[in-house]
Protein chains: 2
Amino acid sequence: MDTTQRTEQQRSADRRRRELLEAADRVVLRDGPQASMNAIAAEAGITKPILYRHFGDKGGLYAALAKRHTDALLDSLRAALDAPADRRERVEATLDTYLAAIEARPQVYRFLMHPAEGGQPGDPGFDVGKHSAPLLRRMGEELATVIEERLDLGPGSQQLARVWGHGIVGMMHAAGDWWLGERPCTRAELVRSLADLLWGRLAAAGDKMGGPGF
Amino acid sequence: MDTTQRTEQQRSADRRRRELLEAADRVVLRDGPQASMNAIAAEAGITKPILYRHFGDKGGLYAALAKRHTDALLDSLRAALDAPADRRERVEATLDTYLAAIEARPQVYRFLMHPAEGGQPGDPGFDVGKHSAPLLRRMGEELATVIEERLDLGPGSQQLARVWGHGIVGMMHAAGDWWLGERPCTRAELVRSLADLLWGRLAAAGDKMGGPGF
DNA sequence: CGATGCTTGTTACTAGCGGTAACCCTAGTT
DNA sequence: AACTAGGGTTACCGCTAGTAACAAGCATCG
(Lines give C-alpha, C1' and ligand atoms only; values in the text may rest on other atoms or scores of the structure.)
Protein backbone atom coordinates (compact mmCIF):
# COMPACT_ATOMS: atom_id res chain seq x y z
CA MET A 1 0.00 0.00 0.00
CA ASP A 2 2.53 2.58 -1.07
CA THR A 3 0.99 6.01 -1.21
CA THR A 4 3.01 7.12 -4.24
CA GLN A 5 1.76 4.15 -6.18
CA ARG A 6 -1.73 4.89 -5.12
CA THR A 7 -1.58 8.48 -6.25
CA GLU A 8 0.00 7.25 -9.46
CA GLN A 9 -2.95 5.01 -10.16
CA GLN A 10 -5.37 7.65 -8.98
CA ARG A 11 -3.87 10.08 -11.43
CA SER A 12 -4.08 7.62 -14.26
CA ALA A 13 -7.70 6.89 -13.43
CA ASP A 14 -8.49 10.57 -13.25
CA ARG A 15 -6.90 11.20 -16.61
CA ARG A 16 -8.87 8.36 -18.12
CA ARG A 17 -11.99 9.73 -16.55
CA ARG A 18 -11.40 13.12 -18.05
CA GLU A 19 -10.81 11.58 -21.46
CA LEU A 20 -14.04 9.67 -21.20
CA LEU A 21 -15.90 12.78 -20.15
CA GLU A 22 -14.57 14.68 -23.11
CA ALA A 23 -15.61 11.92 -25.46
CA ALA A 24 -19.04 11.87 -23.87
CA ASP A 25 -19.17 15.61 -24.28
CA ARG A 26 -18.50 15.34 -27.98
CA VAL A 27 -21.23 12.74 -28.42
CA VAL A 28 -23.79 14.64 -26.38
CA LEU A 29 -22.98 17.78 -28.31
CA ARG A 30 -23.59 15.87 -31.53
CA ASP A 31 -26.48 13.54 -30.68
CA GLY A 32 -28.28 15.49 -27.99
CA PRO A 33 -29.34 14.20 -24.58
CA GLN A 34 -30.41 10.79 -25.86
CA ALA A 35 -26.84 9.83 -26.69
CA SER A 36 -26.46 6.14 -25.93
CA MET A 37 -23.81 4.60 -23.77
CA ASN A 38 -22.74 2.52 -26.74
CA ALA A 39 -22.16 5.60 -28.83
CA ILE A 40 -20.19 7.30 -26.08
CA ALA A 41 -18.06 4.22 -25.54
CA ALA A 42 -17.42 3.97 -29.26
CA GLU A 43 -16.44 7.62 -29.45
CA ALA A 44 -13.99 7.07 -26.61
CA GLY A 45 -12.59 4.04 -28.43
CA ILE A 46 -13.54 1.54 -25.76
CA THR A 47 -16.55 -0.54 -24.77
CA LYS A 48 -19.45 -0.09 -22.42
CA PRO A 49 -18.37 -1.88 -19.24
CA ILE A 50 -15.48 0.53 -18.81
CA LEU A 51 -17.88 3.43 -18.76
CA TYR A 52 -19.90 1.64 -16.13
CA ARG A 53 -16.82 0.94 -14.06
CA HIS A 54 -15.99 4.63 -14.04
CA PHE A 55 -19.41 6.19 -13.62
CA GLY A 56 -21.64 3.51 -12.15
CA ASP A 57 -24.57 4.06 -14.43
CA LYS A 58 -25.86 6.44 -17.04
CA GLY A 59 -27.08 8.82 -14.40
CA GLY A 60 -23.61 8.95 -12.91
CA LEU A 61 -22.01 9.80 -16.22
CA TYR A 62 -24.61 12.42 -16.97
CA ALA A 63 -24.23 13.90 -13.51
CA ALA A 64 -20.47 14.15 -13.93
CA LEU A 65 -20.92 15.67 -17.35
CA ALA A 66 -23.52 18.11 -16.13
CA LYS A 67 -21.40 19.17 -13.19
CA ARG A 68 -18.64 20.41 -15.47
CA HIS A 69 -20.90 22.59 -17.55
CA THR A 70 -22.93 23.71 -14.59
CA ASP A 71 -19.83 24.76 -12.70
CA ALA A 72 -18.54 26.67 -15.68
CA LEU A 73 -21.81 28.49 -16.23
CA LEU A 74 -22.19 29.28 -12.56
CA ASP A 75 -18.72 30.80 -12.52
CA SER A 76 -19.69 33.13 -15.34
CA LEU A 77 -22.90 34.05 -13.60
CA ARG A 78 -21.14 34.77 -10.33
CA ALA A 79 -18.76 37.05 -12.14
CA ALA A 80 -21.63 39.00 -13.67
CA LEU A 81 -23.40 39.10 -10.35
CA ASP A 82 -20.34 40.44 -8.57
CA ALA A 83 -19.48 43.17 -11.03
CA PRO A 84 -18.97 46.65 -9.57
CA ALA A 85 -22.12 48.32 -10.84
CA ASP A 86 -25.56 49.21 -9.60
CA ARG A 87 -28.22 46.61 -9.08
CA ARG A 88 -30.07 47.01 -12.30
CA GLU A 89 -26.90 46.77 -14.32
CA ARG A 90 -25.82 43.69 -12.43
CA VAL A 91 -29.18 42.02 -13.01
CA GLU A 92 -29.04 42.81 -16.69
CA ALA A 93 -25.48 41.55 -16.97
CA THR A 94 -26.43 38.29 -15.28
CA LEU A 95 -29.43 37.76 -17.51
CA ASP A 96 -27.33 38.50 -20.55
CA THR A 97 -24.60 36.11 -19.47
CA TYR A 98 -27.05 33.29 -19.08
CA LEU A 99 -28.80 33.99 -22.36
CA ALA A 100 -25.53 34.29 -24.21
CA ALA A 101 -24.47 30.92 -22.86
CA ILE A 102 -27.60 29.11 -23.95
CA GLU A 103 -27.49 30.88 -27.27
CA ALA A 104 -23.90 29.86 -27.90
CA ARG A 105 -24.35 26.16 -27.18
CA PRO A 106 -27.98 25.11 -27.31
CA GLN A 107 -27.29 21.38 -27.27
CA VAL A 108 -25.33 21.62 -24.07
CA TYR A 109 -28.09 23.73 -22.65
CA ARG A 110 -30.71 21.22 -23.66
CA PHE A 111 -28.72 18.42 -22.14
CA LEU A 112 -28.40 20.29 -18.87
CA MET A 113 -32.13 20.87 -18.70
CA HIS A 114 -33.20 17.32 -19.55
CA PRO A 115 -30.77 15.10 -17.70
CA ALA A 116 -30.88 11.40 -16.88
CA GLU A 117 -34.67 10.94 -16.78
CA GLY A 118 -33.53 7.57 -15.41
CA GLY A 119 -35.65 5.30 -13.28
CA GLN A 120 -34.64 1.67 -13.64
CA PRO A 121 -37.45 -0.90 -13.47
CA GLY A 122 -36.59 -2.37 -10.11
CA ASP A 123 -36.70 0.95 -8.35
CA PRO A 124 -40.10 1.46 -6.77
CA GLY A 125 -39.23 4.93 -5.53
CA PHE A 126 -40.89 7.78 -7.32
CA ASP A 127 -39.25 11.04 -6.47
CA VAL A 128 -41.91 13.63 -6.45
CA GLY A 129 -40.09 16.87 -6.31
CA LYS A 130 -36.60 17.30 -7.76
CA HIS A 131 -38.06 17.21 -11.24
CA SER A 132 -36.14 20.04 -12.68
CA ALA A 133 -32.54 19.95 -13.68
CA PRO A 134 -29.87 20.32 -11.00
CA LEU A 135 -28.67 23.36 -12.87
CA LEU A 136 -31.89 25.20 -12.15
CA ARG A 137 -31.77 24.25 -8.49
CA ARG A 138 -28.18 25.30 -8.09
CA MET A 139 -28.73 28.61 -9.86
CA GLY A 140 -31.76 29.23 -7.71
CA GLU A 141 -29.93 28.58 -4.47
CA GLU A 142 -26.96 30.61 -5.59
CA LEU A 143 -29.07 33.59 -6.45
CA ALA A 144 -30.96 33.21 -3.19
CA THR A 145 -27.80 33.51 -1.14
CA VAL A 146 -26.70 36.53 -3.10
CA ILE A 147 -30.06 38.21 -2.58
CA GLU A 148 -30.12 37.38 1.08
CA GLU A 149 -26.57 38.63 1.55
CA ARG A 150 -26.99 41.94 -0.14
CA LEU A 151 -30.57 43.02 0.19
CA ASP A 152 -32.36 44.27 3.23
CA LEU A 153 -35.72 42.55 3.06
CA GLY A 154 -36.94 42.85 6.63
CA PRO A 155 -38.36 39.89 8.55
CA GLY A 156 -38.52 36.51 6.85
CA SER A 157 -35.82 37.65 4.50
CA GLN A 158 -34.21 34.25 4.19
CA GLN A 159 -37.33 32.54 2.99
CA LEU A 160 -38.25 35.41 0.74
CA ALA A 161 -34.79 35.35 -0.80
CA ARG A 162 -35.03 31.67 -1.62
CA VAL A 163 -38.44 32.04 -3.22
CA TRP A 164 -37.17 34.93 -5.27
CA GLY A 165 -33.99 33.12 -6.20
CA HIS A 166 -35.82 30.16 -7.65
CA GLY A 167 -38.52 32.33 -9.12
CA ILE A 168 -36.15 34.64 -10.93
CA VAL A 169 -34.09 31.76 -12.22
CA GLY A 170 -37.25 30.13 -13.50
CA MET A 171 -38.30 33.32 -15.20
CA MET A 172 -34.92 33.57 -16.87
CA HIS A 173 -35.00 29.94 -17.89
CA ALA A 174 -38.48 29.88 -19.35
CA ALA A 175 -38.11 33.16 -21.16
CA GLY A 176 -34.75 32.05 -22.51
CA ASP A 177 -36.11 28.75 -23.67
CA TRP A 178 -38.98 30.38 -25.47
CA TRP A 179 -36.74 33.03 -26.95
CA LEU A 180 -34.27 30.44 -28.20
CA GLY A 181 -37.05 28.67 -30.05
CA GLU A 182 -38.77 31.65 -31.63
CA ARG A 183 -36.16 34.38 -31.68
CA PRO A 184 -38.79 37.11 -31.58
CA CYS A 185 -36.33 39.82 -30.61
CA THR A 186 -32.71 40.54 -29.92
CA ARG A 187 -31.00 39.39 -26.78
CA ALA A 188 -30.64 42.92 -25.52
CA GLU A 189 -34.35 43.57 -25.90
CA LEU A 190 -35.16 40.40 -24.04
CA VAL A 191 -32.83 41.33 -21.23
CA ARG A 192 -34.35 44.76 -20.98
CA SER A 193 -37.90 43.40 -20.95
CA LEU A 194 -37.14 40.92 -18.21
CA ALA A 195 -35.38 43.52 -16.10
CA ASP A 196 -38.38 45.79 -16.56
CA LEU A 197 -40.59 43.01 -15.29
CA LEU A 198 -38.42 42.55 -12.22
CA TRP A 199 -38.43 46.30 -11.72
CA GLY A 200 -42.15 46.35 -11.15
CA ARG A 201 -43.43 47.63 -14.46
CA LEU A 202 -46.16 45.02 -14.30
CA ALA A 203 -47.61 46.57 -11.16
CA ALA A 204 -47.08 50.10 -12.38
CA ALA A 205 -48.78 49.72 -15.74
CA GLY A 206 -52.20 51.24 -16.22
CA ASP A 207 -55.35 49.43 -17.25
CA LYS A 208 -56.23 49.54 -20.90
CA MET A 209 -60.02 49.63 -20.90
CA GLY A 210 -62.58 50.92 -18.49
CA GLY A 211 -62.86 50.52 -14.76
CA PRO A 212 -60.90 48.20 -12.49
CA GLY A 213 -63.72 45.66 -12.54
CA PHE A 214 -62.45 44.46 -15.87
CA MET B 1 -70.13 5.63 -47.79
CA ASP B 2 -73.19 6.21 -45.65
CA THR B 3 -72.70 9.13 -43.34
CA THR B 4 -74.81 7.73 -40.50
CA GLN B 5 -72.75 4.59 -40.46
CA ARG B 6 -69.60 6.57 -40.56
CA THR B 7 -70.59 8.67 -37.59
CA GLU B 8 -71.61 5.47 -35.84
CA GLN B 9 -68.16 4.03 -36.24
CA GLN B 10 -66.59 7.34 -35.46
CA ARG B 11 -68.51 7.45 -32.22
CA SER B 12 -67.50 3.96 -31.31
CA ALA B 13 -63.88 4.74 -32.03
CA ASP B 14 -64.08 7.90 -30.00
CA ARG B 15 -65.53 6.07 -27.04
CA ARG B 16 -62.79 3.49 -27.26
CA ARG B 17 -60.25 6.24 -27.48
CA ARG B 18 -61.59 7.87 -24.36
CA GLU B 19 -61.53 4.56 -22.50
CA LEU B 20 -57.93 4.03 -23.50
CA LEU B 21 -57.01 7.51 -22.41
CA GLU B 22 -58.59 6.96 -19.03
CA ALA B 23 -56.71 3.71 -18.58
CA ALA B 24 -53.50 5.45 -19.58
CA ASP B 25 -54.32 8.16 -17.12
CA ARG B 26 -54.62 5.67 -14.29
CA VAL B 27 -51.29 4.08 -15.16
CA VAL B 28 -49.46 7.37 -15.50
CA LEU B 29 -50.92 8.50 -12.24
CA ARG B 30 -49.61 5.34 -10.62
CA ASP B 31 -46.27 4.76 -12.38
CA GLY B 32 -45.24 8.25 -13.32
CA PRO B 33 -44.12 9.46 -16.74
CA GLN B 34 -42.10 6.33 -17.51
CA ALA B 35 -45.22 4.21 -17.71
CA SER B 36 -44.70 1.67 -20.46
CA MET B 37 -47.02 1.04 -23.35
CA ASN B 38 -47.31 -2.54 -22.21
CA ALA B 39 -48.52 -1.48 -18.80
CA ILE B 40 -51.04 0.92 -20.27
CA ALA B 41 -52.34 -1.70 -22.65
CA ALA B 42 -52.66 -4.21 -19.82
CA GLU B 43 -54.54 -1.70 -17.69
CA ALA B 44 -56.92 -1.10 -20.57
CA GLY B 45 -57.40 -4.84 -20.92
CA ILE B 46 -56.02 -5.02 -24.45
CA THR B 47 -52.66 -5.34 -26.15
CA LYS B 48 -50.13 -2.93 -27.54
CA PRO B 49 -50.92 -2.77 -31.26
CA ILE B 50 -54.35 -1.34 -30.51
CA LEU B 51 -52.76 1.53 -28.68
CA TYR B 52 -50.52 2.14 -31.66
CA ARG B 53 -53.44 2.03 -34.04
CA HIS B 54 -55.22 4.69 -32.04
CA PHE B 55 -52.37 7.01 -31.16
CA GLY B 56 -49.61 6.32 -33.65
CA ASP B 57 -46.77 6.19 -31.21
CA LYS B 58 -45.98 6.89 -27.61
CA GLY B 59 -45.60 10.55 -28.30
CA GLY B 60 -49.09 10.62 -29.76
CA LEU B 61 -50.62 8.98 -26.74
CA TYR B 62 -48.74 11.26 -24.39
CA ALA B 63 -49.73 14.30 -26.39
CA ALA B 64 -53.39 13.31 -26.25
CA LEU B 65 -53.11 12.63 -22.55
CA ALA B 66 -51.30 15.89 -21.90
CA LYS B 67 -53.87 17.86 -23.87
CA ARG B 68 -56.66 16.80 -21.55
CA HIS B 69 -54.89 17.84 -18.41
CA THR B 70 -53.47 20.94 -19.95
CA ASP B 71 -56.88 22.06 -21.14
CA ALA B 72 -58.38 21.44 -17.73
CA LEU B 73 -55.66 23.35 -15.93
CA LEU B 74 -55.80 26.19 -18.40
CA ASP B 75 -59.54 26.50 -17.83
CA SER B 76 -58.99 26.86 -14.10
CA LEU B 77 -56.29 29.43 -14.68
CA ARG B 78 -58.45 31.42 -17.04
CA ALA B 79 -61.19 31.47 -14.44
CA ALA B 80 -58.82 32.82 -11.82
CA LEU B 81 -57.42 35.32 -14.27
CA ASP B 82 -60.89 36.58 -15.20
CA ALA B 83 -62.21 37.00 -11.68
CA PRO B 84 -63.72 40.39 -10.89
CA ALA B 85 -61.05 41.75 -8.57
CA ASP B 86 -58.09 44.06 -8.74
CA ARG B 87 -54.90 43.06 -10.45
CA ARG B 88 -52.94 41.98 -7.44
CA GLU B 89 -55.75 39.76 -6.25
CA ARG B 90 -56.13 38.21 -9.67
CA VAL B 91 -52.42 37.51 -9.89
CA GLU B 92 -52.43 35.90 -6.48
CA ALA B 93 -55.50 33.83 -7.31
CA THR B 94 -53.87 32.59 -10.49
CA LEU B 95 -50.65 31.67 -8.75
CA ASP B 96 -52.59 29.90 -6.06
CA THR B 97 -54.68 27.98 -8.56
CA TYR B 98 -51.62 26.70 -10.32
CA LEU B 99 -49.84 25.78 -7.11
CA ALA B 100 -52.91 24.06 -5.72
CA ALA B 101 -53.14 21.98 -8.88
CA ILE B 102 -49.57 20.78 -8.81
CA GLU B 103 -49.86 20.15 -5.10
CA ALA B 104 -52.98 18.06 -5.48
CA ARG B 105 -51.64 15.78 -8.19
CA PRO B 106 -47.87 15.87 -8.41
CA GLN B 107 -47.59 12.86 -10.69
CA VAL B 108 -49.81 14.43 -13.28
CA TYR B 109 -47.82 17.60 -12.97
CA ARG B 110 -44.57 15.75 -13.41
CA PHE B 111 -45.91 13.97 -16.43
CA LEU B 112 -46.98 17.22 -18.00
CA MET B 113 -43.55 18.73 -17.48
CA HIS B 114 -41.52 15.79 -18.76
CA PRO B 115 -43.44 14.51 -21.76
CA ALA B 116 -42.44 12.18 -24.55
CA GLU B 117 -38.74 13.01 -24.80
CA GLY B 118 -39.09 10.99 -27.99
CA GLY B 119 -36.52 10.98 -30.76
CA GLN B 120 -36.49 7.77 -32.74
CA PRO B 121 -33.11 6.46 -33.89
CA GLY B 122 -33.55 7.06 -37.59
CA ASP B 123 -34.43 10.70 -37.21
CA PRO B 124 -31.38 12.89 -37.65
CA GLY B 125 -33.29 16.07 -36.89
CA PHE B 126 -32.50 17.73 -33.60
CA ASP B 127 -35.05 20.30 -32.66
CA VAL B 128 -33.29 22.99 -30.81
CA GLY B 129 -35.95 25.03 -29.21
CA LYS B 130 -39.25 23.55 -28.07
CA HIS B 131 -37.50 21.89 -25.14
CA SER B 132 -39.96 22.72 -22.48
CA ALA B 133 -43.32 21.12 -22.02
CA PRO B 134 -46.20 22.25 -24.18
CA LEU B 135 -48.00 23.18 -21.00
CA LEU B 136 -45.45 25.86 -20.23
CA ARG B 137 -45.62 27.25 -23.73
CA ARG B 138 -49.38 27.35 -23.75
CA MET B 139 -49.58 28.98 -20.35
CA GLY B 140 -47.02 31.53 -21.44
CA GLU B 141 -48.89 32.43 -24.59
CA GLU B 142 -52.19 32.55 -22.77
CA LEU B 143 -50.86 34.87 -20.13
CA ALA B 144 -49.24 36.99 -22.80
CA THR B 145 -52.53 37.58 -24.56
CA VAL B 146 -54.23 38.47 -21.30
CA ILE B 147 -51.49 40.93 -20.43
CA GLU B 148 -51.54 42.46 -23.87
CA GLU B 149 -55.31 42.75 -23.82
CA ARG B 150 -55.63 44.40 -20.47
CA LEU B 151 -52.52 46.39 -19.78
CA ASP B 152 -51.39 49.59 -21.35
CA LEU B 153 -47.70 49.08 -21.91
CA GLY B 154 -46.92 51.70 -24.49
CA PRO B 155 -44.94 50.95 -27.67
CA GLY B 156 -43.74 47.42 -28.26
CA SER B 157 -46.44 46.18 -25.96
CA GLN B 158 -47.04 42.97 -27.84
CA GLN B 159 -43.49 41.79 -27.61
CA LEU B 160 -43.17 42.91 -24.03
CA ALA B 161 -46.34 41.03 -23.12
CA ARG B 162 -45.06 37.83 -24.60
CA VAL B 163 -41.75 38.06 -22.80
CA TRP B 164 -43.55 38.73 -19.58
CA GLY B 165 -46.04 35.96 -20.14
CA HIS B 166 -43.37 33.33 -20.57
CA GLY B 167 -41.22 34.83 -17.87
CA ILE B 168 -43.95 34.91 -15.26
CA VAL B 169 -45.04 31.39 -16.11
CA GLY B 170 -41.47 30.24 -15.75
CA MET B 171 -41.17 31.97 -12.42
CA MET B 172 -44.33 30.28 -11.22
CA HIS B 173 -43.20 26.94 -12.54
CA ALA B 174 -39.71 26.94 -11.08
CA ALA B 175 -40.78 28.27 -7.72
CA GLY B 176 -43.59 25.75 -7.58
CA ASP B 177 -41.31 22.90 -8.49
CA TRP B 178 -38.83 23.85 -5.83
CA TRP B 179 -41.55 24.41 -3.28
CA LEU B 180 -43.11 21.04 -4.02
CA GLY B 181 -39.82 19.34 -3.32
CA GLU B 182 -38.82 21.15 -0.15
CA ARG B 183 -42.05 22.52 1.27
CA PRO B 184 -40.27 25.36 3.01
CA CYS B 185 -43.42 27.35 3.63
CA THR B 186 -47.17 27.36 3.17
CA ARG B 187 -48.76 27.84 -0.20
CA ALA B 188 -50.16 31.21 0.83
CA GLU B 189 -46.74 32.46 1.85
CA LEU B 190 -45.28 31.35 -1.43
CA VAL B 191 -48.02 33.09 -3.36
CA ARG B 192 -47.46 36.27 -1.41
CA SER B 193 -43.70 36.19 -1.91
CA LEU B 194 -44.03 35.70 -5.65
CA ALA B 195 -46.59 38.45 -5.97
CA ASP B 196 -44.27 40.73 -4.01
CA LEU B 197 -41.51 39.94 -6.46
CA LEU B 198 -43.75 40.81 -9.39
CA TRP B 199 -44.76 43.97 -7.60
CA GLY B 200 -41.27 45.33 -7.69
CA ARG B 201 -40.09 44.71 -4.17
CA LEU B 202 -36.79 43.52 -5.59
CA ALA B 203 -36.08 46.92 -7.08
CA ALA B 204 -37.43 48.76 -4.07
CA ALA B 205 -35.40 46.95 -1.42
CA GLY B 206 -32.48 48.74 0.15
CA ASP B 207 -28.90 47.59 0.18
CA LYS B 208 -27.78 45.75 3.25
CA MET B 209 -24.15 46.81 3.65
CA GLY B 210 -22.29 49.92 2.68
CA GLY B 211 -22.35 51.89 -0.54
CA PRO B 212 -23.85 50.93 -3.87
CA GLY B 213 -20.46 49.81 -5.18
CA PHE B 214 -20.99 46.54 -3.40
C1' DC C 1 -75.59 -17.94 -50.65
C1' DG C 2 -70.86 -16.70 -51.13
C1' DA C 3 -67.14 -13.37 -51.63
C1' DT C 4 -65.30 -9.02 -50.32
C1' DG C 5 -63.83 -5.86 -47.50
C1' DC C 6 -63.27 -3.18 -42.75
C1' DT C 7 -62.60 -2.83 -38.05
C1' DT C 8 -60.94 -5.22 -33.79
C1' DG C 9 -58.04 -8.05 -31.77
C1' DT C 10 -54.24 -11.36 -31.11
C1' DT C 11 -49.36 -13.65 -31.15
C1' DA C 12 -44.84 -13.32 -32.25
C1' DC C 13 -41.33 -10.86 -33.65
C1' DT C 14 -37.33 -7.00 -34.53
C1' DA C 15 -33.97 -3.68 -33.07
C1' DG C 16 -32.05 -1.19 -29.65
C1' DC C 17 -31.47 0.27 -25.00
C1' DG C 18 -29.18 0.13 -20.04
C1' DG C 19 -26.71 -2.89 -17.36
C1' DT C 20 -23.86 -7.06 -16.00
C1' DA C 21 -21.40 -11.65 -15.56
C1' DA C 22 -17.70 -14.02 -17.06
C1' DC C 23 -13.65 -14.26 -19.15
C1' DC C 24 -8.83 -12.65 -21.15
C1' DC C 25 -4.52 -10.66 -20.99
C1' DT C 26 -0.70 -8.01 -19.60
C1' DA C 27 2.11 -5.99 -15.83
C1' DG C 28 4.31 -6.11 -11.60
C1' DT C 29 5.40 -8.42 -7.10
C1' DT C 30 7.34 -11.98 -4.25
C1' DA D 1 7.66 -19.61 -11.80
C1' DA D 2 3.34 -18.59 -9.49
C1' DC D 3 -0.02 -15.21 -8.33
C1' DT D 4 -2.58 -11.29 -7.99
C1' DA D 5 -4.64 -6.53 -9.87
C1' DG D 6 -6.57 -3.74 -13.29
C1' DG D 7 -7.93 -2.54 -17.92
C1' DG D 8 -10.43 -4.56 -21.59
C1' DT D 9 -13.66 -7.52 -24.35
C1' DT D 10 -17.45 -10.81 -25.67
C1' DA D 11 -21.72 -12.34 -24.88
C1' DC D 12 -25.54 -12.13 -22.55
C1' DC D 13 -30.19 -10.51 -19.68
C1' DG D 14 -34.43 -8.12 -19.31
C1' DC D 15 -36.64 -4.46 -20.82
C1' DT D 16 -38.49 -1.04 -24.07
C1' DA D 17 -40.93 1.00 -28.44
C1' DG D 18 -42.72 -0.40 -32.45
C1' DT D 19 -44.34 -3.73 -36.23
C1' DA D 20 -45.61 -7.56 -39.21
C1' DA D 21 -48.73 -11.26 -39.91
C1' DC D 22 -52.50 -13.58 -38.99
C1' DA D 23 -57.52 -14.60 -36.95
C1' DA D 24 -62.03 -13.60 -36.08
C1' DG D 25 -66.92 -10.68 -36.27
C1' DC D 26 -69.87 -8.21 -39.25
C1' DA D 27 -71.42 -5.36 -42.69
C1' DT D 28 -72.04 -4.73 -47.73
C1' DC D 29 -72.02 -6.15 -52.76
C1' DG D 30 -72.51 -9.61 -56.76
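Order of the sequence lines sets the chain letters (A, B, ...), proteins ahead of strands, with each chain counted from 1.
In this structure, the side chain of Glu189(A) engages the main chain of Thr186(A) through a donor-acceptor pair within 3.5 Å. Arg162(B) contributes no side-chain N or O that, together with a main-chain N or O of Glu148(B), makes up a donor-acceptor pair within less than 3.5 Å.
A perpendicular orientation is assigned to the rings of His69(B) and Phe111(B), their planes being inclined by more than 60° (bins at 30° and 60°).
Atom CG in Asp31(A) sits 7.5 Å away from atom OG in Ser36(A) (nearest 0.5 Å).
Within the 4.0 Å cut-off from OP1 or OP2 of dG7(D), not a single side-chain nitrogen or oxygen of Arg17(A) is found. Here Thr47(B) reaches the OP1 or OP2 of dT10(C): one of its side-chain N or O atoms lies under 4.0 Å away.
Backbone-only engagement by Ser36(A) is indicated by non-hydrogen atom pairs under 4.0 Å involving sugar-phosphate atoms exclusively. When heavy atoms are screened at a 4.0 angstrom cut-off, Arg53(A) is found touching base atoms of the nucleic acid.
Among dG18(D), dC17(C), dT10(C), the nucleotide with an atom closest to any side-chain atom of Lys48(B) is dG18(D). Of the candidates dG8(D), dT11(C), dG9(C), dG9(C) carries the atom nearest the Arg16(B) side chain, counting heavy atoms from C-beta on.
Between Asp96(B) and Arg192(B) no salt bridge is recorded (no basic side-chain N to carboxylate O distance below 4.0 Å).
Atom pair Lys58(A):NZ and dT20(C):C1' shows a separation of 17 Å (rounding to whole Å applied). In this structure, Asn38(A) places its CG atom 12 Å from P of dG19(C), rounding to the nearest Å. We find that OH of Tyr52(B) is positioned 8 Å from P of dT19(D), with the value rounded to whole Å. Summarising the geometry, the separation between NE2 on His54(A) and P on dG6(D) is reported as 13 Å, rounded to the nearest angstrom. Rounded to an integer number of Å, the gap from CG of Leu51(B) to P of dT16(D) is 14 Å. A straight line from CE of Met37(A) to C1' of dG18(C) spans 8 Å, rounded to a whole angstrom. The distance between atom CD1 of Ile50(A) and atom P of dT10(D), rounded to the nearest whole Å, is 10 Å. Atom-to-atom, CZ of Phe55(A) to P of dT20(C) comes out at 15 Å; the value is rounded to the nearest Å.
Looking at which nucleotide of DNA chain C each of Gly56(A) and Ile46(B) is closest to, the 5′-most match is held by Ile46(B).
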